[in-house]
Amino acid sequence: MITLYGNDRSRATRNVWMLEELGVEYERNMVDHTKGEAKKDDFLKINPGAKVPALTDGDVVMFESLAINLYLAMTYGKGGLWPDDAAGQAACGQWTMFSATEVEPHTVGALIELIFKPEAVRDEAVAQACLAKLPPVLNVLETTLSDRDYLGGNSFTAADLNVACVVNSLNMIGFDFTPYPKMTAWVKACVARQG
Ligand SMILES: N[C@@H](CCC(=O)N[C@@H](CS)C(=O)NCC(=O)O)C(=O)O
């Protein structure tokens with residue numbers, strides 16, 4: 001049985017999205033990182049870094065949300081969310097790394113300063129600096145999606161899920177998506193799959 005650790009106020013939601021796409025059975029352990037539960041000894045055996053999400057699947061023990069999604073796709077989504085061909089698989093790797101290194105540091109940086117931190121200690125200048133990094137990154141998505149419906153080509157794969165879950169988080173701060181019409185249509189279509 002697969003167990004996903006982390007509650008719905010964490011990045012575990014992106015793993016729930018993947019698990020639901022794949023239609024595999026799983027159970028949740030709602031470790032609440034905001035209450036220090038990720039620092040307890042039992043959880044530290046799963047992620048010594050004391051962060052959620054994490055996942056166990058038999059002998060497989062994993063952390064890092066986007067890598068968990070790649071594992072799930074390549075294990076349970078062959079020929080679908082995990083393409084059969086090397087080029088499609090490499091696209092999943094490429095876009096996942098793009099999401100983790102080029103997009104998420106700036107989205108999370110802005111979210112922390114605009115909504116996650118207590119108001120008294122928020123830093124508007126840091127938030128704006130993060131937001132200022134986004135246009136060239138989002139333009140990569142806009143350009144890519146100008147001649148295709150999905151990042152890897154004609155069908156929805158782990159590449160789309162792993163980027164869309166990060167880009168969509170910008171809706172939490174009322175981000176202006178109008179300069180990116182193709183990307184906006186794509187992210188809406190991806191998110192709508194969650195029902
Ligand atoms: N890169 C990691 C980030 C994990 C992360 O920062 N998780 C947050 C919740 S979404 C957490 O557990 N924070 C606890 C802490 O930083 O002490 C991933 O994508 O899984």
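Both ligands and their constituent atoms are indexed starting at 1 by order of listing. These numbers were taken from a predicted model, which means no experiment stands behind them.
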heavy-atom search around atom 4 (C) of ligand 1 in the protein gives Val52 O, 3.5 Å
Which is it for His33 and ligand 1 at heavy atoms under 4.0 Å: side chain, backbone, both or neither?
side chain
To check your reading of the model: name the closest protein heavy atom to atom 16 (O) of ligand 1, its residue, and the distance in Å.
Lys51 CE, 3.5 Å
Should the pair Arg28-Asp8 be classified as a salt bridge under the 4.0 Å nitrogen-to-oxygen rule?
yes
Should side-chain heavy atoms under 4.5 Å link Ile, Leu, Val, Met, Phe, Trp and Tyr, which residues sit in the same cluster as Met74?
Leu70, Trp82
Could you tell me the residue and atom name of the protein heavy atom closest to atom 17 (O) of ligand 1, and the distance to it rounded to 0.1 Å?
Lys39 NZ, 4.1 Å
For ligand 1, which is the ligand I care about here, please tell me if Glu64 has any N or O atom under 3.5 Å from one of the ligand's N or O atoms.
yes
Pro53 heavy atom under 4.0 Å from ligand 1
yes
Partner of Asn7 by side-chain contact (heavy atoms from CB on, under 4.5 Å), out of Asp32, Thr13, Asn29:
Asp32
Give me the residue, atom name and distance of the protein heavy atom closest to atom 19 (O) of ligand 1.
Ser65 OG, 2.6 Å
Heavy-atom count check: over 12 atoms from other residues, nucleotides or ligands less than 6.0 Å from Met30 CE?
yes
Would you kindly confirm whether Val16 and Ile68 end up in one hydrophobic cluster when ILVMFWY residues are joined by side chain heavy atoms under 4.5 Å apart?
yes
Shortest protein contact, atom 6 (O) of ligand 1 (heavy atom only):
Arg11 NH1, 3.1 Å
Partners of Lys45 by side chain to side chain contact (heavy atoms under 4.5 Å, CB included), sequence neighbours excluded?
Asp42
